[in-house]
Structure formats: C-alpha cells, structure tokens
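Reviewing the structure listed below.
What you see is a predicted model; the values in this text were computed from it and never measured.
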Amino acid sequence: MISSIFGKTKPINYIILLVFLFVFYWFVHLVMFQQTYTVDQLFEQSVILGCLMLSIFLVNFITNRNKITGSNSLSILFYTLLIVFFPRVLLDSDAIFCSFFILLAVRRLLSLRSFKEVKLKIFDASVWILIASLFYDWALLYLLLVFVAIYFYQAKNIRNWLIPFVAIIAMSIITLAILVLLKDPYFLSDHYVFNMVITPSYFNDFENVAYLFLYVFIVLLSGLISYIRLGNVGLNWLMSMRLVLYLFLVGLVIFLFKSSSEHHPIMLTFFPSVVFMTTYLETIKKDRVKELVLISVIVLPFIVLLSRIF
C-alpha cells in the first residue's frame, strides 16, 4: 500500500511530506529540545524551514530529471525519514543551508551527462559549492567532485578544467567587495580555518556512534546491492552513481571534521543516501518483499527517535 502511494510522483506526496516536515520541524525545536525564540527569531527559523522544504523539491527534481532513480517519490520520502533519524540536523541552520546549495551544485554536475551547456554548468556548480562553503568551510572539498565530473564527461576540453578557477576568482572578488561594504574584512580568514581535529565528545557517545554505523552500513549495503543488480544498465548511469558515491564519501569526511554539539553536517550525506536506498528498493521485484522493506525503513527512524526522546 505504501509503495503504491510513493511509487509514483503525485502532488499528494509532496503535501503529505511537507506538512509532516513542517510539524516535525517545530516539534524538534519547541518540544524535543525546548528552544525558545523571539518574534524575529521565529521569522529566521521560518526562512530556514522554507529552505529545508525547497530541498525536498530539489531532491525529487534531481533524481527524476537525471533518471538516476525511477519516476517516483521514494527519494523525498527517504530524505524526510533521514531527518527523523537525525533530528538534531534541524537545529543546525548551517547544515540546512550548506546542504541546499550543495544540492544546487549536484543538480548541475549530474546534468553534465546531457553534454549541453557544459561550461555554464561547471561554472554554476563551482559557484554553488563556494556559496555552500560560507556555511561550512570544509564544503570546499566538493570542488574536487567538479573536476571528477569534468573527467567523466568532458575531459578532453582543457578550458573546462580552468572554469572552476574562474569561478573561485569571481566569487572571491564579489565576496570581498560585500565584506568591505559590511565592514567585516576578516570574515574569510576567520571562517576558513579547516580544523582537522575530530571532536571527541561527539564520537565518545555510544548512541551517536551506533546510529552512525547503522546508517552508513545500510547506505553502503544498499548501494552495493544496487550496483550488483543494475551494473549493466548503462555507462551514463554508472558514472552518475560513482559521482553519487563520491558525494557520500566527501560528506562523511566533512562530518568527521565538523561534527560537534552545535554542528551536524551528516545532512550533507542525505542526498546520496536516498539515491542508493531508492535504487535498492526499485530492484526488489516481489511486491510483498518491497512493502515489508519499505515499512521497516519507515518504522526504524521513529523507533530511533523515540529512543532519543525517552
């Protein structure tokens, strides 16, 4: 029954998930973590929530438009469930904004497979990653994926390799000009510190580590099974999935370096995770098995949520 609802792209699916996300966002802030806000802060939180909701549309657009998954709503369902599995990400506005701009970059990188407007897409992806790095300095690592995408799709044109550097120069000039106007010229030197120290307090918590290993295990297992079952689908799909895998690995690296009581960059891994999980579910042929797996995936985050609350 659930697979029949989210197995297709319908407006009702957006409504269900967006309404749930709206309620869950305020539940996490006001009830679960008992945050208090002024009127101005409530407006700021509403902007953050709006960005999060836009991310849902972006995830669905990227997966369906680039045909890395089937035409369904499973990807946005899993994206929402991962937020339930890691509710603390909703307290980190930097994670939400950084993830949003990385999604915009991924949208451009995956569309390189069409070989249309290649230079513009490379420039756009680089710019979005640079903007994302204003929230997490380590997000600059995603620029490596721009070069990986160039290697996959347009390696022979030397100009393509120079475009990310052009984007860096252009963004640096614009950012410096804005900082001068804001009278904050030292923001860049203070922000881009690239601290490589892993926060022990986060990883010394057995609960955090256990849920992290469970999450990574499920994602990598889903990706491996999908690759085995769909390895002969086509070269374009395989290159897209490799790029998605690198997205996941870079996200994990950033998670290791940036995780703390205030920062929760695990959200950067959500998009590649939902791609792997959706693709795995689509490979299941038997409807009863698919329904059972889907129910399990839905129930698990709520069990984990209850364990965190109580």
Quiz item: Are a donor atom and an acceptor atom from the side chains of Tyr25 and Gln45 found within less than 3.5 Å of each other?
Solution: yes
Practice problem: Without swapping roles, check the side chain of Ser189 against the backbone of Tyr186 for a donor-acceptor pair under 3.5 Å. | Solution: yes
Quiz prompt | side-chain contact (heavy atoms from CB on, under 4.5 Å) evaluation trace for Phe97 with Ile48 | solution = CA-CA 8 Å; Phe97 284 122; Ile48 297 169; 3.8 Å; yes
Quiz prompt | Donor-acceptor contact below 3.5 Å, side chain Asp92 vs main chain Asp94 | solution = yes
Practice problem: Answer yes or no: is there a donor N or O on one side and an acceptor on the other, between the side chain of Trp161 and the main chain of Ala155, under 3.5 Å? | Solution: yes
Exercise. Report yes or no: do Lys116 and Ser111 form a side-chain donor-acceptor pair below 3.5 Å?
Key: no
Quiz item: Do the two ring centres, one from His264 and one from Phe255, sit under 6.0 Å apart?
Solution: no
Self-check item: Rounded distance (nearest 0.5 Å) linking atom CZ of Arg242 with atom CG of Leu238
Solution: 6.0 Å
Self-check item: OG on Ser73 to CD1 on Ile12, rounded to 0.5 Å
Solution: 11.0 Å
Quiz item: At what distance, to the nearest 0.5 angstrom, does OH of Tyr215 lie from CZ of Phe85?
Solution: 9.0 Å
Practice problem: Would you check if the side chain of Gln41 reaches a backbone N or O of Thr38 as a donor-acceptor pair within less than 3.5 Å? | Solution: yes
Self-check item: Between Phe57 and Tyr14, ring centroids under 6.0 Å
Solution: yes
Practice problem: Search all heavy atoms of Ile62 against all heavy atoms of Leu103 and return the closest pair with its distance. | Solution: CD1-O, 3.3 Å
Exercise. Calculate, to the nearest 0.5 Å, the distance between atoms OG1 and CG belonging to Thr63 and Leu58 respectively.
Key: 10.5 Å
Practice problem: Kindly determine whether Phe61 and Asn66 satisfy side-chain contact (heavy atoms from CB on, under 4.5 Å), including the steps that lead there. | Solution: CA-CA 8 Å; Phe61 177 85; Asn66 294 285; 5.8 Å; no
Quiz item: If we ignore angles and hydrogens, is there a donor and acceptor under 3.5 Å between the side chains of Asn60 and Tyr79?
Solution: no
Practice problem: Assess the pair Phe213 and Phe217: is the distance between their ring centroids shorter than 6.0 Å? | Solution: no
Exercise. Applying side chain to side chain donor-acceptor pair (under 3.5 Å), run through Lys67 and Ser240 and close with a yes or a no.
Key: CA-CA 10 Å; Lys67 298 180 180 180; Ser240 296; over 6 Å; no
Exercise. Kindly determine whether Thr269 and Val219 satisfy side-chain contact (heavy atoms from CB on, under 4.5 Å), including the steps that lead there.
Key: CA-CA 10 Å; Thr269 66; Val219 171; over 6 Å; no
Exercise. Give me the ring orientation class for Tyr136 and His263: parallel if the planes are under 30° apart, tilted from 30 to 60°, perpendicular past 60°.
Key: perpendicular
Quiz item: Which of parallel (below 30°), tilted (30 to 60°) and perpendicular (above 60°) describes His191 and Phe187?
Solution: parallel
Quiz item: Distance-only, no hydrogens or angles: does the Trp128 side chain make a donor-acceptor pair with backbone N or O of Phe100 under 3.5 Å?
Solution: no
Quiz item: Quick one: CG on Asn236 to CE on Met241, what's the gap to the nearest 0.5 Å?
Solution: 13.5 Å
Quiz item: Going by the angle between their ring planes, with limits at 30° and 60°, are Phe115 and Tyr153 parallel, tilted or perpendicular?
Solution: perpendicular
Self-check item: Carboxylate-amine/guanidinium contact Asp137 Lys258, below 4.0 Å
Solution: yes
Practice problem: Looking only at non-hydrogen atoms, find the nearest pair between Phe276 and Ser222 and report the distance. | Solution: O-CB, 3.7 Å
Quiz item: Going by atom types alone, do Ser133 and Tyr192 pair a side-chain donor with an acceptor below 3.5 Å?
Solution: yes
Exercise. Before giving the answer on side chain to side chain donor-acceptor pair (under 3.5 Å), spell out for Tyr142 and Ser126 the whole-Å C-alpha distance, their side-chain angles and the decisive distance to 0.1 Å.
Key: CA-CA 9 Å; Tyr142 283 107; Ser126 302; over 6 Å; no
Exercise. Evaluate the criterion side-chain contact (heavy atoms from CB on, under 4.5 Å) for residue pair Leu221 and Tyr280; output intermediate values, then yes/no.
Key: CA-CA 9 Å; Leu221 182 63; Tyr280 163 69; over 6 Å; no
Self-check item: Heavy-atom donor-acceptor pair, Glu282 side chain to Thr69 backbone, under 3.5 Å
Solution: no
Quiz item: Just how far is it from atom CG of Leu112 to atom CD of Glu117, taken to the nearest 0.5 Å?
Solution: 11.0 Å
